[in-house]
A.B. asks: 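Submitted below is the structure of interest, expressed as structure tokens.
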Amino acid sequence: MDEVVEAVEKAKKEWDEAYAKTQEHIKAIENYGKSREEKEKSSNSLQRLNGLAQDGLNLLNSLHLKLDLLAPQLPTSDQVQSAQSLLPSWKKECNNLRLSLRNANLQAKANMRKAAQEERELLLGGGEESTIRRRNLQTKAGMTSAAESITESLRRTRQLMVQEVERNASTLMTFDESTGVLRKAESEYKGHRSLLMRTRNLLSTMQRQDIIDRVILVLGLILFSCAVLYVVSKRIGLLKLQRQVTAAIKAGMARQPEIRPGAAEDGVNLAQVYRDNAAPNMEVPLQRPMHDEL
């Protein structure tokens with residue numbers, strides 16, 4: 001059986017017992033002091049009976065509050081409705097008991113006035129019986145006063161203990177709820193912790209990959225720059241060599257002999273003319289094509 005169902009059944013059983021005992025105490029208060037014989041035989045004073053009745057009413061109120069707290073926690077809706085339907089009837093019964101206790105006290109006071117009147121008439125009468133009665137009353141009055149003070153002190157102590165027990169029970173319930181919340185928070189923290197560990201591993205992997213990509217990019221850039229520098233240097237060297245070859249060819253053509261115009265007509269031997277100091281012809285001969293090494 002569920003713990004909440006057991007607690008509800010226990011509360012119902014305690015309610016029935018407390019209700020029956022409270023009714024007995026109220027009945028005893030109502031019959032208090034009706035006759036001199038019953039008053040002498042009775043060991044319960046009116047104050048003690050009222051204290052017991054008040055304790056019973058306080059217990060009924062605590063059971064009503066307990067049922068009100070436990071009813072919404074029942075497993076099925078039918079059980080919840082059945083438990084909640086008891087709350088109005090229990091409250092009505094408590095109110096009826098309070099009204100009955102008030103009427104019983106009024107009846108007890110009337111009985112006590114009537115008994116006091118009979119006692120006064122008996123004490124005012126003459127004879128040995130009246131004297132013995134007066135002595136007994138004096139002795140019983142002292143004993144009753146002492147017993148009432150002790151009973152009242154015990155009743156207050158019991159009431160304080162009941163209040164302390166209820167406070168401790170509520171504190172334990174609060175601790176149980178807090179423990180459940182902490183356990184739930186711990187489980188959620190463990191789940192988030194595993195997620196954070198996976199995220200951290202992924203971030204570490206991404207950082208390593210980023211470093212590797214940077215190294216590859218830098219190496220590729222360096223290799224590309226070296227290739228460009230190599231090509232540029234080779235290109236500049238070939239152009240320089242080509243210019244030198246072209247200049248040498250032009251210088252060789254400039255040193256070849258030239259025939260003066262009109263010399264063949266005059267019958268004069270052709271003389272070789274060397275133009276050492278002449279400016280070289282910068283035009284490239286068409287018969288010698290240029291080759292580019294690249």
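Atoms considered below: every heavy atom in the structure, side chains included; atoms not considered: hydrogens, waters and symmetry mates. It should be emphasised that the depicted structure is a prediction, and the values quoted were computed from it without experimental measurement. Start at 1 with the first residue, then count along the sequence.
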A.B. asks: So, taking the atom named CG in Leu60 and the one named CG in Leu65, what distance separates them when rounded to the nearest 0.5 Å?
C.D. replies: 12.5 Å
A.B. asks: Of all the heavy-atom pairs spanning Thr22 and Gly56, show the shortest one and how long it is.
C.D. replies: OG1-CA, 3.4 Å
A.B. asks: Between Glu164 and Arg167, does the salt bridge (charged side-chain N to carboxylate O under 4.0 Å, His left out) criterion hold? Intermediate values first, please.
C.D. replies: CA-CA 5 Å; Glu164 189 66 24; Arg167 189 182 303 111; 2.4 Å; yes
A.B. asks: Do Arg155 and Arg48 touch side chain to side chain, with heavy atoms closer than 4.5 Å?
C.D. replies: no
A.B. asks: Rounded to the nearest 0.5 Å, what separation is found between the CZ atom of Arg98 and the CG atom of Leu57?
C.D. replies: 5.0 Å
A.B. asks: Taking atom types as modelled, find out whether Gln107 and Asn111 have a side-chain donor-acceptor pair closer than 3.5 angstrom.
C.D. replies: yes
A.B. asks: How close do Ile26 and Leu97 get, heavy atom to heavy atom, and via which atoms?
C.D. replies: CD1-O, 3.5 Å
A.B. asks: Which of these, Met197, Arg198, Arg193, sits in a side chain to side chain contact (heavy atoms under 4.5 Å, CB included) with Leu195?
C.D. replies: Arg198
A.B. asks: Going through the checks in order, is the salt bridge (charged side-chain N to carboxylate O under 4.0 Å, His left out) test met by Glu9 and Lys13?
C.D. replies: CA-CA 6 Å; Glu9 294 298 330; Lys13 185 177 179 180; over 6 Å; no
A.B. asks: Going by the side chain to side chain contact (heavy atoms under 4.5 Å, CB included) test, name the single residue among Ile222, Leu229, Leu223 that passes it with Cys226.
C.D. replies: Ile222
A.B. asks: Return the OG1 to CZ distance between Thr151 and Arg158, rounded to the nearest 0.5 Å.
C.D. replies: 13.0 Å
A.B. asks: Closest heavy-atom contact between Leu49 and Ile29?
C.D. replies: CB-CG1, 3.4 Å
A.B. asks: Say you draw a straight line from CG of Asp213 to CE of Met206; how long is it, rounded to the nearest 0.5 Å?
C.D. replies: 10.5 Å
A.B. asks: Could you tell me which non-hydrogen atom of Leu70 sits nearest to which non-hydrogen atom of Ala7, and how far apart they are?
C.D. replies: CD1-CB, 3.6 Å
A.B. asks: Would you say that Leu86 contacts Lys12 through its side chain, given a criterion of any heavy-atom pair below 4.5 Å between the two side chains?
C.D. replies: yes
A.B. asks: Hey, quick one: are Met173 and Val181 part of the same hydrophobic cluster, counting side-chain heavy atoms closer than 4.5 Å, chains of contacts allowed?
C.D. replies: no
A.B. asks: Which pair of non-hydrogen atoms, one from Gln84 and one from Pro88, has the smallest distance, and what is that distance?
C.D. replies: O-CD, 3.2 Å
A.B. asks: Nearest heavy-atom pair of Leu74 and Ala83: which atoms, and what distance?
C.D. replies: CD1-CB, 3.7 Å
A.B. asks: Got a second to check how far Leu69's CG is from Lys66's NZ, nearest 0.5 Å?
C.D. replies: 10.0 Å
A.B. asks: Carefully, step by step, assess Ile249 and Val245 under the rule side-chain contact (heavy atoms from CB on, under 4.5 Å).
C.D. replies: CA-CA 6 Å; Ile249 293 172; Val245 171; 3.8 Å; yes
A.B. asks: Within the 4.5 Å heavy-atom criterion, are Asn105 and Leu101 side-chain neighbours or not?
C.D. replies: yes
A.B. asks: May I ask you to decide whether Glu24 forms a salt bridge with Lys27, counting only side-chain N to carboxylate O separations under 4.0 Å?
C.D. replies: no
A.B. asks: To the nearest 0.5 Å, tell me how far Leu202 CG sits from Arg200 CZ.
C.D. replies: 12.0 Å
A.B. asks: When you check the gap from the basic side-chain N to the acidic O, do Arg214 and Asp210 get nearer than 4.0 Å?
C.D. replies: yes
A.B. asks: Indicate yes or no for a side-chain donor-acceptor contact from Ser82 to the backbone of Asp78 under 3.5 Å, with no hydrogens or angles considered.
C.D. replies: no
A.B. asks: Check the angle between the aromatic planes of His64 and Trp90 and answer parallel, tilted or perpendicular using the 30° and 60° thresholds.
C.D. replies: tilted
A.B. asks: So, do Asn58 and Gln159 sit near enough that their side-chain heavy atoms are less than 4.5 Å apart?
C.D. replies: yes
A.B. asks: Report yes if the side chains of Leu59 and Leu63 come closer than 4.5 Å at any heavy-atom pair, otherwise no.
C.D. replies: yes
A.B. asks: Decide whether Val5 and Leu87 are clustered together by the hydrophobic rule: side chain heavy atoms of Ile, Leu, Val, Met, Phe, Trp, Tyr closer than 4.5 Å, transitively.
C.D. replies: yes
